2 protein chains.
Amino acid sequence: MTPADTNRDRSKTEQKLVEAVGRVLARDGFERCGVNAVAREAKVDKVLIYRYFAGMPGLLKTYGESSNFWPTQAEILGEERQVLRLPQGERLEAIVMAILEALRKRPQTLTIMAWELVQRNPLTESLAQVRESWSRELTQEASLHPGASPEQAEDAVALANLVVAGLQYLLLRARTVSEYGGLSLQDDAGWQRIRRAIRLLGQGLENVMPEDTA
Amino acid sequence: MTPADTNRDRSKTEQKLVEAVGRVLARDGFERCGVNAVAREAKVDKVLIYRYFAGMPGLLKTYGESSNFWPTQAEILGEERQVLRLPQGERLEAIVMAILEALRKRPQTLTIMAWELVQRNPLTESLAQVRESWSRELTQEASLHPGASPEQAEDAVALANLVVAGLQYLLLRARTVSEYGGLSLQDDAGWQRIRRAIRLLGQGLENVMPEDTA
DNA sequence: TTAACGTGTCACCATACAGTGACAATACGG
DNA sequence: CCGTATTGTCACTGTATGGTGACACGTTAA
């Protein structure tokens with residue numbers, strides 16, 4: 001009657017390990033997410049990481065594929081893509097704000113994005129690829145091509161991406177620091193200000209690049 | 001005649017250590033920047049880190065204070081603050097671009113900024129404080145208050161900060177990844193596109209918030 | 001000359017880590 | 001029933017780390 005009762009279940013063990021990765025990652029960060037720590041967290045022997053996942057990189061990879069790190073198109077554009085029918089400025093604002101909210105809901109994604117900036121590994125690598133294709137699709141869907149010149153359209157896309165990049169940066173900073181450039185990152189008031197800034201951007205774009213139907 | 005010839009020089013040893021921190025940081029990143037590694041790099045016994053700096057945190061702190069991590073106001077605004085005399089849109093563009101260039105010149109600052117997003121420590125802490133006061137000063141100097149309402153002025157400042165945040169994020173990403181949202185981060189063409197995006201922003205702001213003198 | 005101090009060297013401890021080999025316990029197929 | 005493969009446990013190596021105590025060398029002042 002040893003404590004090996006119902007333990008003999010490989011898939012269950014694998015799942016335990018994958019979930020443990022998530023917890024360790026969220027609690028202690030990427031740095032402390034090694035074979036020993038994960039095995040401890042999962043209450044499982046570390047050798048099984050080597051057997052079932054061929055080591056930590058493999059485990060990280062399957063973890064990355066298992067969870068829903070990145071928002072879907074539906075989450076950003078709405079189930080029926082209502083957002084796309086908005087006029088250009090409001091559309092930009094809505095999309096950017098949706099991205100912001102989607103990311104705020106995913107602390108683990110943020111953790112990994114932060115680590116992406118510091119070191120490469122299988123997980124950050126694959127996540128980067130996913131995001132690239134994701135953003136390409138989204139840009140196409142959102143189709144910020146007004147009646148203006150194609151160069152201006154390109155610039156507008158670049159500007160939108162730049163702002164999204166800024167949002168991501170602020171989200172990352174918010175995890176450890178309370179303000180940035182006078183913007184408060186902890187309370188809702190700060191994020192409201194950011195929202196207004198984005199609205200201002202939308203208005204500015206409307207003026208410089210009037211929509212063809214307008 | 002032991003190899004203790006001219007080695008007995010505390011200040012020189014301290015300097016060696018501080019410089020070694022910079023090299024290790026740039027080459028191996030923050031993660032590998034421990035007592036052993038730095039001592040090895042400096043060809044100095046690690047115990048001296050404890051004696052002279054009371055441990056690694058102290059050494060990191062003095063390193064942070066020693067180097068010119070952050071650009072000066074002059075570097076951004078020009079020696080005679082010519083930039084301030086530009087019309088609002090161009091002013092914004094010029095300042096943001098100057099910040100971009102100043103940061104591109106400081107790879108070590110970028111490394112540390114990346115680590116700031118991942119973990120706190122004395123170095124990142126003090127650097128964050130420096131940057132906050134720096135950005136406050138700069139915002140005041142640049143004085144983006146047009147004839148529009150004070151709320152809009154606030155929003156404009158927030159938007160500018162958001163864009164700067166985006167630039168910083170792209171700079172950090174450029175170190176490990178070649179593109180972001182379709183923006184190429186390696187060649188100059190990509191950065192040109194970003195520049196045009198910023199110009200577009202400046203134009204947009206001009207329209208929404210006309211200057212009082214205009 | 002001698003005693004105290006600053007500087008640097010060395011050996012050592014405890015700890016944590018990644019990774020591996022040997023073995024016990026259980027399940028499964030013949 | 002027995003043999004084999006799977007699952008899990010355990011003990012171990014080697015290496016790296018942060019940190020400390022003891023000592024050797026050189027300088028300086030009494």
Side-chain angles (χ1 to χ4, degrees), chain A residues 1-21 23-25 27-63 115 118-124, chain B residues 1-21 23-25 27-64 115 118-125:
Chain A
M1 195 55 171
T2 58
D5 284 357
T6 54
N7 288 4
R8 295 181 75 77
D9 185 341
R10 170 166 180 166
S11 62
K12 198 166 185 175
T13 302
E14 290 180 346
Q15 198 185 340
K16 275 201 258 181
L17 280 170
V18 171
E19 289 168 1
V21 168
R23 286 197 298 274
V24 173
L25 223 46
R27 171 160 41 81
D28 308 325
F30 224 113
E31 201 172 19
R32 311 271 175 227
C33 190
V35 178
N36 292 297
V38 172
R40 257 198 309 276
E41 174 72 27
K43 293 191 179 69
V44 150
D45 197 289
K46 63 178 173 181
V47 78
L48 304 180
I49 296 178
Y50 294 101
R51 285 214 196 127
Y52 298 155
F53 300 96
M56 203 58 204
L59 177 52
L60 283 176
K61 189 141 185 276
T62 65
Y63 168 70
W115 276 95
V118 152
Q119 66 178 192
R120 310 193 73 163
N121 61 45
L123 177 52
T124 60
Chain B
M1 196 54 172
T2 59
D5 285 357
T6 54
N7 289 2
R8 295 179 75 78
D9 185 341
R10 170 166 180 166
S11 62
K12 198 165 184 176
T13 302
E14 290 179 346
Q15 198 185 341
K16 275 200 257 180
L17 280 170
V18 172
E19 290 168 1
V21 168
R23 285 198 298 275
V24 173
L25 222 45
R27 171 161 40 82
D28 308 325
F30 224 114
E31 200 173 19
R32 312 273 174 225
C33 189
V35 180
N36 292 297
V38 171
R40 256 198 308 275
E41 175 72 27
K43 293 189 179 71
V44 150
D45 197 289
K46 63 178 172 180
V47 79
L48 302 180
I49 296 178
Y50 295 100
R51 284 213 196 128
Y52 299 156
F53 300 95
M56 203 59 205
L59 177 53
L60 283 175
K61 188 142 185 273
T62 66
Y63 167 70
W115 277 95
V118 152
Q119 66 177 190
R120 308 192 76 162
N121 62 45
L123 177 52
T124 60
E125 198 92 15

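Throughout, protein chains are lettered first and strands after them, A, B, ... in sequence-line order, and every chain is numbered starting at 1. Because the structure is predicted, anything quoted here is derived from the model rather than measured.
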Student: What integer distance in Å separates Leu59(B):CG from dG18(D):P?
Tutor: 12 Å

Student: Locate the shortest heavy-atom distance separating Val47(B) from Asp45(B); write the atom from each residue and the value.
Tutor: N-OD1, 2.9 Å

Student: For nucleotides 1-6 of chain D, tabulate all protein N/O to nucleotide N/O atom pairs closer than 3.5 Å, reporting atom names and distance.
Tutor:
unit_1 : atom_1 : unit_2  : atom_2 : d
dT6(D) : O2     : Arg8(A) : NH2    : 2.4

Student: If only side-chain N and O atoms of Thr13(A) are considered, is one of them under 4.0 Å from the OP1 or OP2 phosphate oxygen of dG8(D)?
Tutor: yes

Student: Please report the distance, rounded to the nearest Å, between NZ in Lys46(B) and C1' in dT17(D).
Tutor: 7 Å

Student: Quick one: Phe53(A) CZ to dG19(C) P, roughly how many Å, whole number?
Tutor: 15 Å

Student: For Trp115(B) and Trp115(A), take the angle between the two ring planes, folded into 0 to 90°, and tell me which bin it lands in: parallel under 30, tilted 30 to 60, perpendicular over 60.
Tutor: perpendicular

Student: Mind checking whether Arg40(B) and Asn36(B) have side chains closer than 4.5 Å, heavy atoms only?
Tutor: yes

Student: With a cut-off of less than 4.0 Å, is there a side-chain N or O of Asn36(B) near OP1 or OP2 of dG18(D)?
Tutor: yes

Student: Could you check how far OH of Tyr52(B) sits from C1' of dT7(C), rounded to whole Å?
Tutor: 5 Å

Student: Within the supplied structure, the quantity of interest is the number of heavy atoms (other residues, nucleotides, ligands) at a distance under 6.0 Å from Lys61(A) NZ; does it exceed 12?
Tutor: no

Student: Between dC17(C), dT9(C), dG19(C), which nucleotide gets closest to the side-chain atoms of Tyr50(A)?
Tutor: dG19(C)

Student: Less than 4.5 Å apart, any side-chain heavy atom of Met56(A) and any of Val21(A)?
Tutor: yes

Student: Between Leu59(A) and Thr62(A), is any pair of side-chain heavy atoms under 4.5 Å apart?
Tutor: yes

Student: Counting only side-chain nitrogens and oxygens, does Arg51(B) get under 4.0 Å of the OP1 or OP2 atom of dC5(C)?
Tutor: no

Student: Using the closest heavy atom to pick a nucleotide of DNA chain D for each, name whichever of Val35(B) or Leu48(A) lands nearer the 5' end.
Tutor: Leu48(A)

